[in-house]
Structures are given as structure tokens and as C-alpha cells.
Trainee: 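Sending over a structure as C-alpha cells; questions will come in a sec.
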Amino acid sequence: MAMVKITFVEPDGKEKLIEAQTGMTLMETARNAGIRGIDAECGGACSCSTCHVYVCGDWFKRLPAASDMEYDMLDFAFLPEPNSSRLSCQIAVTDDLNGLRVHLPSRQS
């Protein structure tokens with residue numbers, strides 16, 4: 001499987017560059033890499049908002065659009081931002097995401 005480089009930026013500014021496998025979700029990638037701040041209480045079922053991330057820069061527009069269910073769950077996220085908030089369980093890692101940067105919120109809801 002191809003490896004895709006993704007940077008997770010923790011609330012304190014510390015950056016972690018992770019090699020992600022295509023076909024996994026961003027949430028699975030973060031949990032497997034031990035990224036602090038991705039709680040993922042529902043395990044990726046899009047029934048909580050504890051895998052909330054802020055997608056950096058123009059990456060937000062480059063991602064596939066969020067589903068209505070994801071938008072509904074983002075209402076429960078900690079300080080959601082309309083032009084950067086996504087649930088990492090709903091972002092599939094593809095080769096097109098090589099170089100993606102996401103910031104983690106200071107806490108999950």
C-alpha cells in the first residue's frame with residue numbers, strides 16, 4: 001500500500017509527521033500513531049464529534065464534501081469552524097492527501 005505523509009499539529013504547536021496508509025481514515029491513522037487529542041469515542045461511526053480536526057489552508061476545499069450527517073455531528077464539536085472543521089473519521093486517506101496538515105482542537109467535546 002502507498003504511504004501518504006500527513007502532519008498533525010497539536011494545540012501547543014508541536015507537529016507530528018505521520019506516514020498514513022491509503023484506504024484508512026484520518027482518525028484511524030491518528031489513533032494508530034498515538035496522536036493525542038483524537039478520542040474517537042464512537043470508533044469512526046460518525047456518531048460523536050471526538051475526532052474533530054481543523055483542516056489547514058486550501059486543503060479544506062480539496063477534500064470531498066462532508067455529508068449531512070457529518071455536518072450535524074460538527075454542531076457538537078468544540079469550537080467548530082465552518083471553513084476548516086471536519087471529523088477525521090470521515091476523511092479517507094488517498095494519494096491526493098499527501099502533504100495534508102490538520103490542527104487538533106485544544107479539547108474534544
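Residue numbers start at 1 and run along the sequence shown. All of these numbers come straight from a predicted model, not from anything done at the bench.
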Trainee: Measure the shortest side-chain to side-chain distance between E15 and R101 over non-hydrogen atoms and say whether it is less than 4.5 angstrom.
Mentor: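 Side chain of E15 against side chain of R101, heavy atoms only: contact under 4.5 Å found.
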Trainee: How many angstroms lie between CD in Q21 and CG in N32, if you round to the nearest 0.5 Å?
Mentor: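 Here the interatomic distance stands at 8.0 Å.
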Trainee: Would a single hydrophobic cluster contain both M27 and L100, if residues Ile, Leu, Val, Met, Phe, Trp and Tyr are joined by side-chain heavy-atom contacts under 4.5 Å?
Mentor: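 Linked, L100 and M27 end up in one cluster.
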Trainee: Nearest 0.5 Å, what's the CZ-CG distance between R36 and D12?
Mentor: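 It comes to 6.5 Å.
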Trainee: Output yes when a side-chain donor or acceptor of S85 lies under 3.5 Å from a complementary backbone atom of Y54, and no otherwise.
Mentor: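 No.
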Trainee: State, with a plain yes or no, whether a side-chain heavy atom of L79 is found less than 4.5 Å away from one of P105.
Mentor: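 They are not in side-chain contact.
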Trainee: Go through the structure and list residues passing side-chain hydrogen bond (donor to acceptor under 3.5 Å, both in side chains) with T25, not counting sequence neighbours.
Mentor: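 T25 satisfies side-chain hydrogen bond (donor to acceptor under 3.5 Å, both in side chains) with E28 only.
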Trainee: Working to the nearest 0.5 Å, report the span between CD of Q108 and SG of C51.
Mentor: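 Output value for this atom pair is 7.0 Å.
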Trainee: Using every non-hydrogen atom in the two residues, find where S106 and F78 come nearest and quote the distance to one decimal.
Mentor: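 That would be OG-CE2, 3.2 Å.
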Trainee: Please find the pair of heavy atoms, one from F60 and one from P82, that lie closest to each other, and give the distance.
Mentor: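 Shortest heavy-atom separation between F60 and P82 comes out as CZ-O, 3.6 Å.
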Trainee: State, with a plain yes or no, whether a side-chain heavy atom of S49 is found less than 4.5 Å away from one of L74.
Mentor: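 With C-beta onward as the side chain, the pair stays apart.
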Trainee: Under a 4.5 Å cut-off applied to non-hydrogen side-chain atoms, are K5 and L17 in contact?
Mentor: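 They are in contact (side-chain heavy atoms under 4.5 Å apart), so the answer is yes.
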Trainee: Heavy atoms only: give me the nearest A33-I18 pair and the separation to one decimal.
Mentor: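 Closest approach of A33 to I18: CB-CD1, 3.6 Å.
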Trainee: Tell me if the CG atom of D75 is crowded by more than 12 foreign heavy atoms within 6.0 Å.
Mentor: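 Correct, the count exceeds 12.
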Trainee: Checking T22 side chain against D95 main chain: does a donor-acceptor pair fall under 3.5 Å?
Mentor: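 Side chain of T22 to backbone of D95: no pair is present.
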Trainee: Tell me the closest heavy-atom pair linking I6 and A20, and the distance in Å.
Mentor: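 Heavy atoms only, the tightest pair is CD1-CB, 3.9 Å.
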Trainee: Given the rule that I, L, V, M, F, W and Y join up when any side-chain heavy atoms are under 4.5 Å apart, are V9 and V102 in one cluster?
Mentor: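 Shared cluster, no.
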Trainee: Quick check: closest heavy atoms across I38 and H52, and the distance to 0.1 Å?
Mentor: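 For I38 and H52, the tightest heavy-atom pair comes out as CD1-O, 4.3 Å.
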Trainee: Rounded to the nearest 0.5 Å, what separates atom OG1 in T29 from atom CD in E19?
Mentor: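 One finds 11.5 Å between OG1 of T29 and CD of E19.
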Trainee: Would a 4.5 Å heavy-atom cut-off, applied to side chains only, mark F8 and L26 as touching?
Mentor: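 Result yes, sub-4.5 Å side-chain heavy-atom pair found.
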Trainee: Looking at every heavy atom in both V4 and L97, which two are closest together, and how far apart are they?
Mentor: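 So the minimum-distance heavy-atom pair works out to CG1-C, 3.5 Å.
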Trainee: Between OG1 of T50 and CZ of R107, what distance do you get to the nearest 0.5 Å?
Mentor: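 The OG1 atom of T50 sits 12.5 Å away from the CZ atom of R107.
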Trainee: Are any of the side-chain heavy atoms of V53 and L104 separated by less than 4.5 Å?
Mentor: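 Side chain of V53 against side chain of L104, heavy atoms only: contact under 4.5 Å found.
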Trainee: Please round to the nearest 0.5 Å and tell me the distance separating atom SG of C46 and atom CD of Q90.
Mentor: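 Nearest 0.5 Å value for the SG-CD distance: 4.0 Å.
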Trainee: Assigning hydrophobic clusters by single linkage (Ile, Leu, Val, Met, Phe, Trp, Tyr; side-chain heavy-atom cutoff under 4.5 Å), is L87 placed with I35?
Mentor: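 The answer is no; the residues belong to distinct hydrophobic clusters.
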